[in-house]
Novice: 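Below is one structure. I have some questions about it.
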Amino acid sequence: MAHVVQCLDQPSNYKDSQARVDRQKQAELLAKSTTLYIGNLSFFTTEEQIYELFSKCASTEEGGGIKRIIMGLDRNTRTPCGFCFVEYYTHTEALACLRYISGTKLDERIIRCDLDLGYKEGRQFGRGKSGGQVRDEHRTDYDPGRGGWGAQAQRAEIERRREVEERYADAQDGPGAVATGGGDWKESAAPVQEATLKRGRSPDEEADNADNERMVSAKRFDPKHVLT
């Protein structure tokens, strides 16, 4: 029955592409490794939370414990990007994490633990084109715990918006463009239109008009024009 149930403290078959060791040498290093790689973390998980969880597998009474925690960082922004390294003092503690912590939840996320060949300076930074992890480059789902959409999806959306803005700008500046705006042009045009409909009178015209009005008034009250 030993071959039916998978052993929980076995490392995965993952091989670091930047590690210059063959499979046999890798197996030898993992057989005594005290370092764990922790994946699928939320960007908002803190070092204190990680310490609290992984200290449950520490054997301080036997001289063990957590030696250090190295948070994975975005290469460009220097902010957490969803992974870390946990280094113990003994190999037994690292194996205990594979048995009891890998596959459990931290910050409502199922985390993954794997034995690591050992931390080296520079491995704390993401290897993706955008500075984060490679898995977040190709992710097509929306994950609020890992920055929303994947990096490629975000770049595609930014490019689409830029193209729309450029087309809109070309339509505004090109021939046949329709002028837009509020109703200010109506207010400015109204006095001009009113002025063109009614022409101002000259002084001579005003005098002639006054004489005509007096003649009409005198004729109206002339007794010869009163009907009997």
Novice: Are any of the side-chain heavy atoms of Leu98 and Leu36 separated by less than 4.5 Å?
Specialist: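 Of all side-chain heavy-atom pairs linking Leu36 with Leu98, at least one is under 4.5 Å.
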
Novice: A side-chain contact here means heavy atoms from C-beta on lying under 4.5 Å apart; do Asp107 and Leu41 qualify?
Specialist: no

Novice: With the 4.5 Å side-chain cut-off for hydrophobic clustering, are Phe43 and Ile111 part of the same group?
Specialist: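 No, it is not one cluster - the side chains of Phe43 and Ile111 are not joined through contacts under 4.5 Å.
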
Novice: Is there a chain of hydrophobic side chains (I, L, V, M, F, W, Y, each step under 4.5 Å between heavy atoms) that links Leu29 to Tyr89?
Specialist: no

Novice: In Å and rounded to the nearest 0.5 Å, what is the SG to CZ distance from Cys113 to Arg99?
Specialist: 13.0 Å

Novice: Quick test of your reading: applying salt bridge (charged side-chain N to carboxylate O under 4.0 Å, His left out), list the pairs with at least one residue in residues 85-96, sequence neighbours left out, ordered by first then second residue.
Specialist: Lys67-Glu87, Arg68-Glu87

Novice: Residues in salt bridge (Lys or Arg N to Asp or Glu O under 4.0 Å) with Asp143, at least two apart?
Specialist: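 With neighbours one apart ignored, the set is Arg109.
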
Novice: Would Ile101 and Leu106 count as a side chain to side chain contact (heavy atoms under 4.5 Å, CB included) here? Give the steps.
Specialist: CA-CA 10 Å; Ile101 294 182; Leu106 177 61; over 6 Å; no

Novice: Dump the intermediate steps for side-chain hydrogen bond (donor to acceptor under 3.5 Å, both in side chains) on Thr79 and Thr77, then the final yes or no.
Specialist: CA-CA 5 Å; Thr79 56; Thr77 63; 2.7 Å; yes

Novice: Only counting residues at least two apart or in another chain, list the ones meeting side-chain hydrogen bond (donor to acceptor under 3.5 Å, both in side chains) with Ser130.
Specialist: Glu137, Arg155

Novice: Kindly compute the distance separating OG1 (Thr35) from CZ (Arg123), expressed to the nearest 0.5 Å.
Specialist: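 Result: 8.5 Å between the selected atoms.
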
Novice: Would you compute the distance between atom SG of Cys81 and atom CG of Asn76 and round it to the nearest 0.5 angstrom?
Specialist: 10.5 Å

Novice: If you round to the nearest 0.5 Å, how far is CD1 of Ile38 from CE of Met71?
Specialist: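 That separation rounds to 10.5 Å.
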
Novice: What residues form a side-chain contact (heavy atoms from CB on, under 4.5 Å) with Arg20, not counting sequence neighbours?
Specialist: none

Novice: Just how far is it from atom CZ of Arg112 to atom OG of Ser102, taken to the nearest 0.5 Å?
Specialist: 8.5 Å

Novice: Could you list all the salt bridge (charged side-chain N to carboxylate O under 4.0 Å, His left out) pairs where at least one residue sits in residues 26-50, not counting sequence neighbours?
Specialist: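 Matches after skipping sequence neighbours: none remain.
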
Novice: With a 4.5 Å limit on heavy-atom distance, are the side chains of Arg146 and Gln133 in contact?
Specialist: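 Yes, their side chains come closer than 4.5 Å.
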
Novice: Report the residues that fulfil salt bridge (Lys or Arg N to Asp or Glu O under 4.0 Å) with Asp141, sequence neighbours left out, ordered by chain and then residue number.
Specialist: Arg139

Novice: Linking directly or through intermediates, with side-chain heavy atoms under 4.5 Å: list the remaining ILVMFWY members grouped with Phe83, chain and number order.
Specialist: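 For the cluster that includes Phe83, the remaining residues are Tyr37, Ile70, Phe85, Tyr119.
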
Novice: Would you be so kind as to tabulate the donor-acceptor pairs closer than 3.5 Å made by side chains of residues 51-59, with sequence neighbours excluded?
Specialist:
residue	atom	partner	partner atom	Å
Ser55	OG	Tyr51	O	2.9
Ser55	OG	Glu52	O	3.0

Novice: Given a cutoff of under 4.5 Å between side-chain heavy atoms of I, L, V, M, F, W and Y, with clusters grown through shared members, what are the other residues clustered with Tyr142?
Specialist: Trp149

Novice: What pairs with Arg160 under salt bridge (Lys or Arg N to Asp or Glu O under 4.0 Å), at least two apart in sequence or on another chain?
Specialist: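 Arg160: salt bridge (Lys or Arg N to Asp or Glu O under 4.0 Å) contacts with Glu157.
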
Novice: Which residues pass the salt bridge (Lys or Arg N to Asp or Glu O under 4.0 Å) test with Arg135, sequence neighbours left out?
Specialist: none

Novice: Just verifying a value: how many Å separate Leu30 CG and His91 NE2, rounded to the nearest 0.5 Å?
Specialist: 8.5 Å

Novice: Identify, with sequence neighbours excluded, every residue that meets side-chain hydrogen bond (donor to acceptor under 3.5 Å, both in side chains) alongside Glu166.
Specialist: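 Only Arg162 meet the side-chain hydrogen bond (donor to acceptor under 3.5 Å, both in side chains) criterion with Glu166.
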
Novice: Has Glu163 got more than 12 heavy atoms of other residues, nucleotides or ligands less than 6.0 Å from its CD?
Specialist: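 Result for CD/Glu163: enclosed.
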
Novice: With distance as the sole test, does Ser33 use its side chain to make a donor-acceptor pair with the main-chain N or O of Asp116 at under 3.5 Å?
Specialist: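 Yes; judged by distance alone, with no hydrogens or angles, the pair exists.
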
Novice: Linking I/L/V/M/F/W/Y whenever any side-chain heavy atoms sit under 4.5 Å apart, do Val21 and Leu115 land together?
Specialist: yes

Novice: Is there a donor-acceptor pair under 3.5 Å between the side chain of Asp114 and the backbone N or O of Ser12?
Specialist: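 Such a contact is found between Asp114 side chain and Ser12 backbone.
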
